[in-house]
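Take a look at the structure set out below.
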Amino acid sequence: MFRKTAAYYDLLYSFKDYESASHRIRAEIERRAAGARTLLDVACGTGRHLQLLGQWYRCEGLDLDEGLLEVARARNLGVRLHHGDMADFQLQSRFDVVTCLFSSIGYVRTLERMRQAVACMAAHLEPGGLLLLEPWVTPDQFWPRHIASNNVGTEDLKVAWMYSHARDGDLSVFDINYLVGRTEGVEHFTERHEMGLFSHSEYLDALAAAGLEVHFDDEGPFGRGLYTGQARPVVIRTSSERSPAASRKPEAEVQGPPRGQLAVLGGEASFSEPLRVGRPNIGDRKRLFERLNDLLDRRWLTNGGRYEQEFEERIAEAAGVRHCVATSNGTVALQLAARALDLRGEVILPSFTFAATAHALEWQGITPVFADIDPATHNLSVDHVESLITPRTSGVVGVHVWGRPCDVEGLGELSRRRGLALLFDAAHAFGCTHGGTPIGSFGDAEVFSFHATKFLNSFEGGAVVTNNDELATRVRLMKSYGFSDHNLTTSVGTNGKLTEAAAAMGLTSLESMRHFIEINQATHARYLAELEGLPGVSMVKYDDSERSNFQYVVMEVDAPIAGLSRDELQRVLEAENVLARRYFHPGCHRMEPYASRLPTARLPHTEALAERVLSLPTGTAVAPSAVSRICEIIRTALANADAVRAALAARAVGGKQASVKTGR
């Protein structure tokens, strides 16, 4: 169809307001399927809609014309684009939204193929998902024998085109004449376009036949109307006979295709690919590649380039501090901060944290002393910290677990009274507040992580933030070998610099930060709503009076009440390809090298929590339908706890027997 004009398509249709159209499309999606994450643009053309909709959704595209796809690939680097016919394509994925815009549906030509195309697109929807279809003109709207012409161009290229409409039965026919002028000469050629004329009732019938609930906006993004078909969620009834409390819970509508048994009971896994905790969020790819191309063109890849400096400024502003020193990762940031604070001897910290918090101290010859937590907050117990202080204690490291702040005032008062340095590991807490103040400005310094698994990432990275001018200067020197200028070192240092590419990703993430948080919050709310009232299960909640990043969805499983232990539930989810995480099992004090040092150490609250906590998938890569499916798995597993436990035991015995037989 666009054999010769694909390269000129954007010029020919430069009058189209893609940006306004994309905002209208997004508004329709938000109105009917808030929380949608993934989008397939069928007949994506040169990828202009993909480029704009990609600000809000993880997009893919499909088109039959290879010439248009070539232009789209250049415009949308890293976006999956498929070659296929809208009437019979088959992709491995399903999507929250499928769009077919700018009247491209007309190119199917016949009513039968239009129905096939609508059914094919609907088959690629997640339950509850939307099909947005912009129609071609209807038979009664067609204007025969109308002549149209236009002239467009740049300094080096001029294109004139003229055509008249004709009608051939249920086809509208355009023989378009083109004059393409360049400095080397003028070329004339003709392209024929044939588009099917379908009535309003035929569109409605096709959408309804595909199982969609239909809405029609007679204006649409370009004045030709817009059909919105919404797939219906499937109601799945799960057994609740085991528990009287569960039997009072109303049956829930679960978004997901019909499914049979749990995988551990012989059914198929719910997800074909692993669904992980902390799958990276990706912001505006176009903006990222613009930055990457710029830094490559300037050949400044590290050592305090413009993007690192800008990233530091933006992080300091967000954290409400004077200084941000960006680093290669969060662990290095902890090491630099500890050394700049002259921590030595013993430092008290929670055992309920990621191992890096303790390792960063141990690596520098500092002895980590593990304190217990407050079971209500999952953060350090101030009273237990004070009981552990000795003459060898030089500081305290608090961890804002799940992004919920430590007892900042209690730890601050204790540290001042006992003359101790106070450092906060805020790896979970960027974008969160305490008392309305951004986390980052408490204690002597705080440390962020921008690892790929964090809601805001710089591929890999970290930062030390502080209002202490002298401390910031020491950290900045130490992260670059101690060089005070190009040739002179004034202290011992290491290489902890953030690369320009990482800073470019960090800046791109910052630009999408609000979007990431909105999705996290919606996902967290969905988990809470669908698991509410489930016996033996409680969810970590966030303070409505504070800003949170909602980066973690965490449940606690009380085995005697739930009927399954946390570990049994994790194995159920793992069989469904849901890779939930046991944060922070078993606690640092039970890991090496610390467990051998103090084999009898007991932290009862930490140990109890480490046996109950399970972190569930969230982030922009997890669709609302996936969240509902995970909740369905959990509810069904607990409702059939006896059968599940027996199946898990049989699997364990079978695995041991296989190991014996094979000599492993």
Side-chain angles (χ1 to χ4, degrees), residues 1-25 41-54 61-77 79 81 83 85-86 99-109 134-137 141-168 171-197 220-224 286 289-290 293:
M1 292 174 292
F2 298 94
R3 183 175 57 85
K4 300 196 71 171
T5 56
Y8 317 128
Y9 184 95
D10 288 334
L11 187 61
L12 294 170
Y13 293 97
S14 56
F15 61 87
K16 290 172 61 176
D17 188 349
Y18 283 95
E19 185 166 357
S20 175
S22 296
H23 279 283
R24 293 195 66 161
I25 292 297
D41 189 19
V42 173
C44 64
T46 60
R48 292 285 299 280
H49 281 120
L50 280 174
Q51 182 182 25
L52 292 161
L53 292 169
L62 177 137
D63 205 284
L64 184 60
D65 193 292
E66 280 286 9
L68 295 176
L69 282 173
E70 184 177 349
V71 179
R73 289 188 184 101
R75 169 173 284 131
N76 295 275
L77 297 176
V79 175
L81 299 176
H83 179 257
D85 186 327
M86 71 172 74
T99 58
C100 185
L101 303 173
F102 202 50
S103 303
S104 302
I105 188 67
Y107 282 105
V108 297
R109 302 179 74 246
E134 185 179 7
W136 177 229
V137 296
Q141 294 172 329
F142 185 71
W143 57 107
R145 301 302 176 190
H146 174 74
I147 299 175
S149 64
N150 199 6
N151 293 279
V152 292
T154 64
E155 184 176 347
D156 301 320
L157 174 68
K158 309 293 182 185
V159 181
W161 54 320
M162 180 178 292
Y163 58 89
S164 64
H165 301 165
R167 180 168 177 174
D168 181 6
L171 284 177
S172 53
V173 181
F174 307 82
D175 286 309
I176 308 177
N177 289 268
Y178 295 93
L179 286 174
V180 178
R182 298 185 183 85
T183 53
E184 58 267 30
V186 177
E187 178 186 13
H188 170 261
F189 56 88
T190 302
E191 280 185 347
R192 168 165 283 212
H193 293 254
E194 297 179 343
M195 301 178 71
L197 298 167
F222 289 111
R224 294 176 183 164
K286 180 183 178 225
F289 281 106
E290 285 175 354
N293 286 327

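Worth knowing before you read on, the calculation uses all heavy atoms, side chains too, and leaves out hydrogens, waters and symmetry mates.
Nearest heavy-atom pair, D65 versus G67, reported as atom, atom and distance to 0.1 Å: OD1-N, 2.9 Å. For the pair N151 and A160, the tightest heavy-atom approach, listed with the atom from each and the gap, is OD1-CB, 3.1 Å. The two residues C44 and L81 have their closest heavy-atom pair at SG-CD2, 4.4 Å. In this structure, G196 and W136 approach most closely via the heavy-atom pair O-CD1, 3.2 Å. For S103 against P135, the heavy-atom pair with the smallest separation is OG-O, 2.8 Å.
Distance check, rounded to the nearest 0.5 Å: CG of L62 to CG of L69 gives 7.5 Å. Atom OH of residue Y107 and atom CG of residue D63 lie 10.5 Å apart, to the nearest 0.5 angstrom. The OG1 atom of T99 sits 7.0 Å away from the CD1 atom of I25 when rounded to the nearest 0.5 Å. In this structure, E191 CD and F174 CZ are separated by 13.0 Å, a value rounded to the nearest 0.5 Å.
Of the possible donor and acceptor atoms, one in the side chain of R24 sits under 3.5 Å from a partner among the backbone N and O of G220. Judged by distance alone, the side chain of S22 and the main-chain N or O of Y18 form a donor-acceptor pair under 3.5 Å.
Taking 4.5 Å as the limit, every side-chain heavy atom of E134 sits out of range of all side-chain heavy atoms of I105. At a threshold of 4.5 Å between non-hydrogen side-chain atoms, the residues M86 and L64 do not count as touching. In this structure, the side chains of V180 and R182 come closer than 4.5 Å at one or more pairs of heavy atoms. Within the 4.5 Å cutoff, side-chain heavy atoms of L12 are placed close to those of V152. Considering only heavy atoms from C-beta on, V71 stays 4.5 Å or farther from Y9 through its side chain.
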What side-chain donor-acceptor pairs closer than 3.5 Å can you find for residues 45-53, not counting sequence neighbours?
residue, atom, partner, partner atom, Å
T46, OG1, D10, OD1, 2.7
T46, OG1, R75, NH1, 3.4
Q51, OE1, R75, NE, 3.4

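Under the rule for a ring-ring contact (aromatic ring centres under 6.0 Å, His included), the partners of W161 that lie at least two apart in sequence or sit in another chain are Y13, Y163. Residues meeting the salt bridge (charged side-chain N to carboxylate O under 4.0 Å, His left out) test with D17, sequence neighbours left out: none. Evaluation of the side-chain hydrogen bond (donor to acceptor under 3.5 Å, both in side chains) rule for D175 yields R192 as partners, not counting sequence neighbours. Under the ring-ring contact (aromatic ring centres under 6.0 Å, His included) criterion, H23 pairs with W56, not counting sequence neighbours. Under the ring-ring contact (aromatic ring centres under 6.0 Å, His included) criterion, Y178 pairs with F189, sequence neighbours left out.
Sparse packing is recorded around CD of E19, with 12 or fewer heavy atoms of other residues, nucleotides or ligands lying under 6.0 Å away. Within 6.0 Å of the CD atom in E66, the count of heavy atoms belonging to other residues, nucleotides or ligands exceeds 12.
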